[in-house]
Amino acid sequence: MDRIFAKPFVASLEGHVDAVECLARQPGTLSAVASGSWDGGLIVHDISTRERRLHVPQAHKGKVTGVCYAGEGRVLSCGVDKTVKLWDVGHGEEPVNVFPAKHAFNTIDHHRTDPVFATGSSLVQIWDETKSAPISNLTFPTSTETVTAVRFNLAESSVLASIGSDRTFTLYDIRTGKAERRVVMTMRNNSLAWSPTFPTSILLASEDHNLYTFDIRHLDTPTQIYKAHVAAVMSCDWAPTGLEFVSGGWDRTVRIWKEGRGHSPEVYHTKRMQRVSSTIFTGDARFVVSGSDDGNVRVWKAKASDKLGIITARERAAMEYRDSLKERWKNDKEVNKVIRTRHLPKPVYKAASLKRTMLEARRVKEERRRKHTRAGESKPKAERKKVVIQEQS
(Lines give C-alpha, C1' and ligand atoms only; values in the text may rest on other atoms or scores of the structure.)
Protein backbone atom coordinates (compact mmCIF):
# COMPACT_ATOMS: atom_id res chain seq x y z
CA MET A 1 0.00 0.00 0.00
CA ASP A 2 2.86 2.39 0.80
CA ARG A 3 4.37 1.84 -2.63
CA ILE A 4 0.99 2.40 -4.33
CA PHE A 5 0.40 5.70 -2.52
CA ALA A 6 4.03 6.90 -2.74
CA LYS A 7 3.76 10.40 -4.22
CA PRO A 8 6.87 12.19 -2.93
CA PHE A 9 6.76 15.36 -5.08
CA VAL A 10 5.08 18.28 -3.29
CA ALA A 11 5.81 21.50 -5.16
CA SER A 12 8.19 23.39 -7.43
CA LEU A 13 9.33 26.85 -6.27
CA GLU A 14 10.09 28.90 -9.37
CA GLY A 15 11.84 32.24 -9.75
CA HIS A 16 15.38 31.47 -10.89
CA VAL A 17 16.21 31.59 -14.60
CA ASP A 18 19.43 29.56 -14.35
CA ALA A 19 20.86 26.63 -12.40
CA VAL A 20 20.31 26.66 -8.61
CA GLU A 21 23.78 26.48 -7.04
CA CYS A 22 23.17 26.57 -3.27
CA LEU A 23 20.44 26.22 -0.63
CA ALA A 24 20.30 27.05 3.08
CA ARG A 25 17.62 26.62 5.75
CA GLN A 26 17.05 29.07 8.58
CA PRO A 27 17.90 27.55 11.99
CA GLY A 28 14.97 27.50 14.40
CA THR A 29 12.26 27.74 11.73
CA LEU A 30 10.43 25.16 9.62
CA SER A 31 9.62 27.01 6.41
CA ALA A 32 12.34 29.55 5.48
CA VAL A 33 14.81 28.43 2.77
CA ALA A 34 17.25 30.63 0.84
CA SER A 35 18.52 29.76 -2.64
CA GLY A 36 21.22 31.23 -4.88
CA SER A 37 21.53 30.80 -8.63
CA TRP A 38 23.99 31.03 -11.52
CA ASP A 39 22.09 34.10 -12.79
CA GLY A 40 23.19 36.01 -9.67
CA GLY A 41 19.71 35.88 -8.12
CA LEU A 42 18.92 35.33 -4.44
CA ILE A 43 15.47 34.18 -3.26
CA VAL A 44 14.19 33.48 0.26
CA HIS A 45 11.25 31.04 -0.02
CA ASP A 46 8.46 30.33 2.44
CA ILE A 47 7.79 26.62 1.91
CA SER A 48 4.49 26.56 3.84
CA THR A 49 2.86 29.26 1.67
CA ARG A 50 5.11 28.73 -1.42
CA GLU A 51 5.73 32.48 -1.61
CA ARG A 52 8.90 34.55 -1.79
CA ARG A 53 9.88 36.55 1.27
CA LEU A 54 12.79 38.17 -0.58
CA HIS A 55 13.71 38.17 -4.27
CA VAL A 56 16.86 39.95 -5.48
CA PRO A 57 17.23 39.27 -9.23
CA GLN A 58 20.81 40.60 -9.34
CA ALA A 59 22.28 40.02 -5.88
CA HIS A 60 25.74 39.37 -7.39
CA LYS A 61 27.44 39.87 -10.75
CA GLY A 62 27.94 36.30 -11.92
CA LYS A 63 26.79 33.25 -10.05
CA VAL A 64 25.96 33.05 -6.35
CA THR A 65 28.30 30.36 -4.97
CA GLY A 66 27.23 30.27 -1.32
CA VAL A 67 24.37 31.27 0.95
CA CYS A 68 23.77 30.90 4.71
CA TYR A 69 21.70 32.43 7.51
CA ALA A 70 23.27 34.91 9.94
CA GLY A 71 20.51 34.88 12.54
CA GLU A 72 16.79 35.47 12.31
CA GLY A 73 15.79 37.22 9.11
CA ARG A 74 19.36 37.90 7.91
CA VAL A 75 21.05 36.12 5.00
CA LEU A 76 24.69 36.10 3.88
CA SER A 77 25.53 35.43 0.24
CA CYS A 78 28.83 35.26 -1.65
CA GLY A 79 29.69 35.09 -5.33
CA VAL A 80 32.34 35.12 -8.01
CA ASP A 81 32.23 38.95 -7.99
CA LYS A 82 34.57 38.85 -4.93
CA THR A 83 31.98 40.18 -2.46
CA VAL A 84 30.00 38.92 0.51
CA LYS A 85 26.66 40.65 1.06
CA LEU A 86 24.47 40.73 4.16
CA TRP A 87 20.72 40.95 3.48
CA ASP A 88 17.79 41.68 5.79
CA VAL A 89 14.66 39.87 4.61
CA GLY A 90 12.37 42.64 5.85
CA HIS A 91 14.27 45.58 4.33
CA GLY A 92 13.94 45.22 0.57
CA GLU A 93 16.46 44.46 -2.14
CA GLU A 94 19.41 46.53 -0.89
CA PRO A 95 22.18 44.79 1.11
CA VAL A 96 22.71 45.85 4.72
CA ASN A 97 26.48 45.42 4.40
CA VAL A 98 29.04 44.49 1.73
CA PHE A 99 32.38 42.79 2.42
CA PRO A 100 34.84 43.12 -0.52
CA ALA A 101 37.82 40.79 -1.06
CA LYS A 102 40.60 39.97 -3.54
CA HIS A 103 39.42 36.46 -4.43
CA ALA A 104 36.24 34.98 -5.89
CA PHE A 105 34.36 33.10 -3.17
CA ASN A 106 33.24 29.47 -3.46
CA THR A 107 31.44 28.91 -0.14
CA ILE A 108 30.29 30.56 3.09
CA ASP A 109 29.10 29.46 6.54
CA HIS A 110 28.09 31.39 9.66
CA HIS A 111 29.11 30.69 13.26
CA ARG A 112 26.28 29.25 15.32
CA THR A 113 26.34 31.87 18.12
CA ASP A 114 28.93 34.60 17.42
CA PRO A 115 28.72 37.34 14.72
CA VAL A 116 31.48 35.58 12.77
CA PHE A 117 31.44 33.80 9.42
CA ALA A 118 33.92 31.81 7.32
CA THR A 119 34.49 31.94 3.55
CA GLY A 120 36.42 29.69 1.19
CA SER A 121 38.35 30.76 -1.92
CA SER A 122 42.04 30.04 -2.45
CA LEU A 123 42.20 30.06 1.36
CA VAL A 124 39.84 29.94 4.34
CA GLN A 125 39.10 33.35 5.87
CA ILE A 126 37.31 34.26 9.10
CA TRP A 127 35.29 37.49 9.07
CA ASP A 128 33.61 39.61 11.75
CA GLU A 129 30.26 41.15 10.77
CA THR A 130 31.36 44.51 12.22
CA LYS A 131 34.60 44.73 10.20
CA SER A 132 35.16 45.12 6.46
CA ALA A 133 38.32 42.98 6.30
CA PRO A 134 38.91 39.36 7.38
CA ILE A 135 40.16 38.94 10.95
CA SER A 136 42.24 35.83 10.16
CA ASN A 137 43.44 33.64 7.28
CA LEU A 138 43.58 29.88 7.77
CA THR A 139 45.96 27.94 5.52
CA PHE A 140 47.83 24.66 5.60
CA PRO A 141 51.62 25.05 5.07
CA THR A 142 51.81 22.82 1.95
CA SER A 143 48.32 23.55 0.62
CA THR A 144 47.72 24.48 -3.05
CA GLU A 145 43.98 23.90 -2.96
CA THR A 146 40.90 25.86 -3.91
CA VAL A 147 38.48 25.55 -0.99
CA THR A 148 35.07 24.41 -2.23
CA ALA A 149 33.11 24.12 1.07
CA VAL A 150 33.48 25.16 4.73
CA ARG A 151 31.27 24.20 7.70
CA PHE A 152 31.37 25.04 11.40
CA ASN A 153 30.88 22.15 13.83
CA LEU A 154 27.41 22.37 15.41
CA ALA A 155 28.54 21.48 18.95
CA GLU A 156 32.18 22.64 19.19
CA SER A 157 31.71 25.81 17.15
CA SER A 158 35.41 26.76 17.16
CA VAL A 159 36.08 23.71 14.95
CA LEU A 160 35.85 24.35 11.21
CA ALA A 161 36.03 21.78 8.40
CA SER A 162 36.85 22.41 4.75
CA ILE A 163 37.24 20.42 1.55
CA GLY A 164 39.40 21.40 -1.39
CA SER A 165 39.98 20.80 -5.07
CA ASP A 166 43.23 18.91 -4.35
CA ARG A 167 41.21 16.03 -2.77
CA THR A 168 41.85 17.22 0.80
CA PHE A 169 39.67 17.35 3.89
CA THR A 170 40.98 19.72 6.58
CA LEU A 171 40.06 20.51 10.20
CA TYR A 172 40.83 23.97 11.65
CA ASP A 173 40.63 25.51 15.10
CA ILE A 174 39.65 29.18 14.73
CA ARG A 175 40.94 29.97 18.25
CA THR A 176 44.51 29.15 17.26
CA GLY A 177 44.08 30.05 13.59
CA LYS A 178 45.78 26.85 12.48
CA ALA A 179 44.93 23.70 10.53
CA GLU A 180 44.96 20.85 13.04
CA ARG A 181 44.54 17.79 10.78
CA ARG A 182 44.34 17.10 7.08
CA VAL A 183 43.74 13.99 4.97
CA VAL A 184 44.26 13.43 1.25
CA MET A 185 41.63 11.17 -0.33
CA THR A 186 41.57 9.20 -3.59
CA MET A 187 38.92 11.45 -5.16
CA ARG A 188 37.82 15.01 -4.44
CA ASN A 189 34.77 15.80 -2.32
CA ASN A 190 31.97 18.12 -3.42
CA SER A 191 30.10 18.69 -0.15
CA LEU A 192 30.29 18.07 3.59
CA ALA A 193 27.85 18.13 6.53
CA TRP A 194 28.31 17.72 10.30
CA SER A 195 25.99 15.32 12.09
CA PRO A 196 23.55 17.23 14.38
CA THR A 197 23.51 14.42 16.99
CA PHE A 198 27.12 13.09 16.93
CA PRO A 199 29.52 16.07 17.04
CA THR A 200 32.51 13.99 15.92
CA SER A 201 30.76 12.52 12.85
CA ILE A 202 31.03 14.18 9.45
CA LEU A 203 29.51 13.26 6.08
CA LEU A 204 31.37 13.75 2.78
CA ALA A 205 29.88 13.60 -0.73
CA SER A 206 32.54 12.35 -3.13
CA GLU A 207 33.30 12.47 -6.83
CA ASP A 208 33.62 8.65 -6.88
CA HIS A 209 29.79 8.19 -6.67
CA ASN A 210 29.90 7.39 -2.92
CA LEU A 211 29.21 9.12 0.38
CA TYR A 212 31.43 8.58 3.44
CA THR A 213 30.96 9.17 7.15
CA PHE A 214 34.12 9.77 9.19
CA ASP A 215 34.79 9.97 12.90
CA ILE A 216 37.19 12.92 13.10
CA ARG A 217 39.10 11.17 15.91
CA HIS A 218 40.05 8.38 13.46
CA LEU A 219 40.46 9.79 9.99
CA ASP A 220 42.42 6.88 8.52
CA THR A 221 39.28 4.97 7.46
CA PRO A 222 35.60 5.91 6.98
CA THR A 223 33.08 4.51 9.46
CA GLN A 224 30.55 3.82 6.68
CA ILE A 225 30.43 3.89 2.86
CA TYR A 226 27.11 4.66 1.13
CA LYS A 227 26.78 3.31 -2.42
CA ALA A 228 23.93 3.79 -4.90
CA HIS A 229 24.61 6.89 -7.02
CA VAL A 230 25.87 6.25 -10.55
CA ALA A 231 27.58 9.63 -10.98
CA ALA A 232 29.36 12.21 -8.82
CA VAL A 233 27.53 13.15 -5.60
CA MET A 234 27.23 16.96 -5.55
CA SER A 235 25.52 17.69 -2.22
CA CYS A 236 24.51 16.20 1.12
CA ASP A 237 22.69 17.30 4.27
CA TRP A 238 21.67 15.64 7.55
CA ALA A 239 18.13 15.57 8.87
CA PRO A 240 17.81 17.45 12.20
CA THR A 241 17.16 14.08 13.88
CA GLY A 242 20.55 12.71 12.74
CA LEU A 243 18.88 9.41 11.71
CA GLU A 244 18.94 10.03 7.95
CA PHE A 245 20.46 12.30 5.35
CA VAL A 246 19.79 13.41 1.78
CA SER A 247 22.11 13.53 -1.21
CA GLY A 248 21.83 14.88 -4.74
CA GLY A 249 23.95 13.81 -7.66
CA TRP A 250 25.07 14.32 -11.23
CA ASP A 251 22.81 11.36 -12.14
CA ARG A 252 19.72 13.62 -11.72
CA THR A 253 18.38 11.83 -8.65
CA VAL A 254 17.75 12.78 -5.02
CA ARG A 255 18.37 9.97 -2.52
CA ILE A 256 17.44 9.70 1.16
CA TRP A 257 19.61 7.38 3.27
CA LYS A 258 19.19 5.77 6.68
CA GLU A 259 22.19 6.45 8.92
CA GLY A 260 24.39 3.36 9.13
CA ARG A 261 22.73 1.62 6.17
CA GLY A 262 25.01 1.93 3.16
CA HIS A 263 22.65 0.71 0.43
CA SER A 264 19.03 0.80 -0.87
CA PRO A 265 18.18 4.48 -0.27
CA GLU A 266 14.87 6.11 -1.22
CA VAL A 267 15.16 7.55 -4.77
CA TYR A 268 13.33 10.61 -6.14
CA HIS A 269 13.41 11.86 -9.72
CA THR A 270 11.29 13.62 -12.35
CA LYS A 271 11.49 13.76 -16.14
CA ARG A 272 12.37 17.46 -16.20
CA MET A 273 14.84 17.53 -13.31
CA GLN A 274 18.44 17.94 -14.39
CA ARG A 275 21.68 17.49 -12.42
CA VAL A 276 21.06 18.12 -8.72
CA SER A 277 23.58 20.55 -7.24
CA SER A 278 22.12 21.21 -3.78
CA THR A 279 19.88 19.41 -1.28
CA ILE A 280 18.73 20.15 2.28
CA PHE A 281 16.26 18.87 4.89
CA THR A 282 13.67 21.21 6.38
CA GLY A 283 13.74 21.94 10.11
CA ASP A 284 11.05 19.38 11.00
CA ALA A 285 12.68 16.57 8.93
CA ARG A 286 9.38 16.02 7.05
CA PHE A 287 10.47 17.53 3.74
CA VAL A 288 13.51 17.64 1.48
CA VAL A 289 14.37 20.60 -0.77
CA SER A 290 16.51 20.18 -3.90
CA GLY A 291 17.96 22.64 -6.41
CA SER A 292 18.94 21.55 -9.92
CA ASP A 293 20.36 22.81 -13.21
CA ASP A 294 16.91 23.46 -14.69
CA GLY A 295 16.42 26.42 -12.32
CA ASN A 296 13.70 24.89 -10.11
CA VAL A 297 13.72 24.46 -6.34
CA ARG A 298 11.68 21.31 -5.66
CA VAL A 299 10.05 20.23 -2.39
CA TRP A 300 9.71 16.49 -1.65
CA LYS A 301 8.32 14.44 1.22
CA ALA A 302 11.01 12.84 3.34
CA LYS A 303 8.78 9.75 3.49
CA ALA A 304 7.19 9.20 0.08
CA SER A 305 3.84 7.79 1.28
CA ASP A 306 3.22 10.31 4.09
CA LYS A 307 -0.18 11.95 4.11
CA LEU A 308 -0.17 15.75 4.16
CA GLY A 309 -2.75 17.36 6.39
CA ILE A 310 -4.68 16.19 9.45
CA ILE A 311 -4.44 12.49 10.32
CA THR A 312 -7.26 11.03 12.43
CA ALA A 313 -6.64 8.59 15.28
CA ARG A 314 -8.12 5.76 13.19
CA GLU A 315 -5.79 6.51 10.27
CA ARG A 316 -2.75 6.67 12.56
CA ALA A 317 -3.66 3.32 14.13
CA ALA A 318 -3.96 1.79 10.64
CA MET A 319 -0.56 3.20 9.66
CA GLU A 320 1.08 1.83 12.81
CA TYR A 321 -0.51 -1.56 12.17
CA ARG A 322 0.85 -1.62 8.60
CA ASP A 323 4.32 -0.68 9.88
CA SER A 324 4.23 -3.52 12.38
CA LEU A 325 3.21 -5.94 9.60
CA LYS A 326 6.12 -4.80 7.45
CA GLU A 327 8.52 -5.25 10.35
CA ARG A 328 7.19 -8.75 11.05
CA TRP A 329 7.40 -9.93 7.42
CA LYS A 330 10.46 -7.97 6.26
CA ASN A 331 12.54 -11.15 5.82
CA ASP A 332 10.01 -12.72 3.46
CA LYS A 333 11.39 -12.75 -0.09
CA GLU A 334 8.38 -11.21 -1.85
CA VAL A 335 7.71 -8.58 0.84
CA ASN A 336 11.37 -7.58 0.86
CA LYS A 337 11.31 -7.23 -2.92
CA VAL A 338 8.34 -4.82 -2.75
CA ILE A 339 10.06 -2.77 -0.03
CA ARG A 340 13.36 -2.55 -1.94
CA THR A 341 12.15 -2.01 -5.53
CA ARG A 342 12.35 1.53 -6.92
CA HIS A 343 11.62 2.48 -10.51
CA LEU A 344 14.51 4.45 -12.01
CA PRO A 345 14.89 6.40 -15.26
CA LYS A 346 16.25 4.17 -18.01
CA PRO A 347 19.69 5.91 -18.25
CA VAL A 348 20.19 5.61 -14.47
CA TYR A 349 19.09 1.96 -14.47
CA LYS A 350 21.47 1.10 -17.35
CA ALA A 351 24.35 2.97 -15.67
CA ALA A 352 23.69 1.17 -12.37
CA SER A 353 23.69 -2.20 -14.13
CA LEU A 354 26.99 -1.44 -15.89
CA LYS A 355 28.52 -0.17 -12.65
CA ARG A 356 27.57 -3.38 -10.83
CA THR A 357 29.27 -5.44 -13.55
CA MET A 358 32.44 -3.35 -13.35
CA LEU A 359 32.58 -3.49 -9.55
CA GLU A 360 32.07 -7.25 -9.54
CA ALA A 361 34.89 -7.71 -12.06
CA ARG A 362 37.16 -5.52 -9.93
CA ARG A 363 36.25 -7.48 -6.78
CA VAL A 364 37.05 -10.81 -8.46
CA LYS A 365 40.37 -9.45 -9.72
CA GLU A 366 41.34 -8.18 -6.26
CA GLU A 367 40.35 -11.48 -4.67
CA ARG A 368 42.48 -13.46 -7.12
CA ARG A 369 45.42 -11.11 -6.63
CA ARG A 370 45.12 -11.45 -2.85
CA LYS A 371 44.84 -15.24 -3.12
CA HIS A 372 47.95 -15.65 -5.27
CA THR A 373 50.21 -13.07 -3.56
CA ARG A 374 53.23 -14.68 -1.96
CA ALA A 375 53.66 -14.60 1.79
CA GLY A 376 55.69 -11.57 2.87
CA GLU A 377 54.71 -9.41 -0.10
CA SER A 378 52.32 -6.48 0.23
CA LYS A 379 48.77 -7.65 -0.40
CA PRO A 380 46.04 -5.45 -1.93
CA LYS A 381 44.27 -3.19 0.56
CA ALA A 382 40.66 -3.60 1.65
CA GLU A 383 38.23 -1.08 0.14
CA ARG A 384 37.92 1.10 3.24
CA LYS A 385 41.70 1.34 3.52
CA LYS A 386 41.92 2.79 -0.02
CA VAL A 387 39.72 5.84 0.61
CA VAL A 388 42.34 7.88 2.51
CA ILE A 389 45.76 8.08 0.84
CA GLN A 390 47.62 10.13 3.45
CA GLU A 391 46.99 11.84 6.79
CA GLN A 392 48.86 15.04 7.67
CA SER A 393 49.00 17.00 10.91
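We number each residue from 1, following the sequence as shown.
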Q. Within the side chain of W127, is there an N or O that forms a donor-acceptor pair under 3.5 Å with the backbone of T119?
A. no

Q | G242 backbone acceptor or donor facing S195 side chain under 3.5 Å | A | no

Q.
Test your reading of the model: is there a side-chain donor-acceptor pair from T282 to the backbone of F287, 3.5 Å cut-off?
A. yes

Q: Would you please name every residue forming a side chain to side chain contact (heavy atoms under 4.5 Å, CB included) with C22, sequence neighbours left out?
A: V64, V67

Q | Test log, rule salt bridge (charged side-chain N to carboxylate O under 4.0 Å, His left out), inputs D208 and R167 | A | CA-CA 11 Å; D208 63 1; R167 300 173 295 155; over 6 Å; no

Q) Can you name the side chain to side chain contact (heavy atoms under 4.5 Å, CB included) partners of D128, sequence neighbours left out? A) T130, K131, I135

**Q.** R363: side chain to side chain contact (heavy atoms under 4.5 Å, CB included) partners, not counting sequence neighbours
**A.** E360

Q) Is E367 paired with R370 through a side-chain N to carboxylate O contact shorter than 4.0 Å? A) yes

Q | Polar side-chain atom of N106 near backbone of V147 as donor-acceptor pair, under 3.5 Å | A | yes

Q: Apply side-chain contact (heavy atoms from CB on, under 4.5 Å) to H110 and Y69, showing your working.
A: CA-CA 7 Å; H110 197 276; Y69 274 89; over 6 Å; no

(Q) Would the distance check show the side chain of N296 and the main-chain N or O of R298 forming a donor-acceptor pair, the cut-off being under 3.5 Å? (A) no

(Q) Run the ring-ring contact (aromatic ring centres under 6.0 Å, His included) test against F281 and tell me which residues pass, sequence neighbours left out. (A) none

(Q) Does either side chain, that of T253 or that of R255, offer a donor lying less than 3.5 Å from an acceptor on the other one? (A) yes

Q: Answer yes or no: are there more than 12 heavy-atom neighbours, outside K7 itself, under 6.0 Å from its atom NZ?
A: no

Q.
Between L13 and R50, is there a side-chain heavy-atom distance shorter than 4.5 Å?
A. yes

**Q.** Pairing residues for N137 by the side chain to side chain contact (heavy atoms under 4.5 Å, CB included) criterion, not counting sequence neighbours
**A.** L123, Q125, P134

Q: Identify, with sequence neighbours excluded, every residue that meets ring-ring contact (aromatic ring centres under 6.0 Å, His included) alongside H209.
A: none

Q) Would you say R368 has more than 12 foreign heavy atoms packed within less than 6.0 Å of its CZ? A) no

**Q.** D18 backbone acceptor or donor facing S37 side chain under 3.5 Å
**A.** yes

Q: With sequence neighbours excluded, give me every side chain to side chain donor-acceptor pair (under 3.5 Å) pair touching residues 236-245.
A: R25-D237

Q. Any side-chain donor paired with an acceptor under 3.5 Å for S235 and S278?
A. no

Q: Quick one: list whatever passes ring-ring contact (aromatic ring centres under 6.0 Å, His included) with F9, sequence neighbours left out.
A: W300

Q. Could you give all pairs that pass the ring pair (Phe, Tyr, Trp, His ring centres under 6.0 Å) test and reach residues 303-354, with sequence neighbours left out?
A. none

**Q.** With sequence neighbours excluded, residues passing side chain to side chain donor-acceptor pair (under 3.5 Å) with T107
**A.** none

Q | Test item: side-chain donor near acceptor, T213 and T223, under 3.5 Å | A | yes

Q) Roughly how far, to the nearest 0.5 Å, is OG of S121 from NZ of K82? A) 10.5 Å

Q: Could you pull out all residues at least two apart from Q224 that satisfy side chain to side chain donor-acceptor pair (under 3.5 Å)?
A: none

Q. What is the ring orientation for F245 with W257, classed by angle as parallel under 30°, tilted 30 to 60°, or perpendicular over 60°?
A. parallel

Q | Side chains of R175 and S158, donor plus acceptor under 3.5 Å | A | yes

Q: Just jot down the ring-ring contact (aromatic ring centres under 6.0 Å, His included) partners of F99, sequence neighbours excluded, or say none.
A: F117

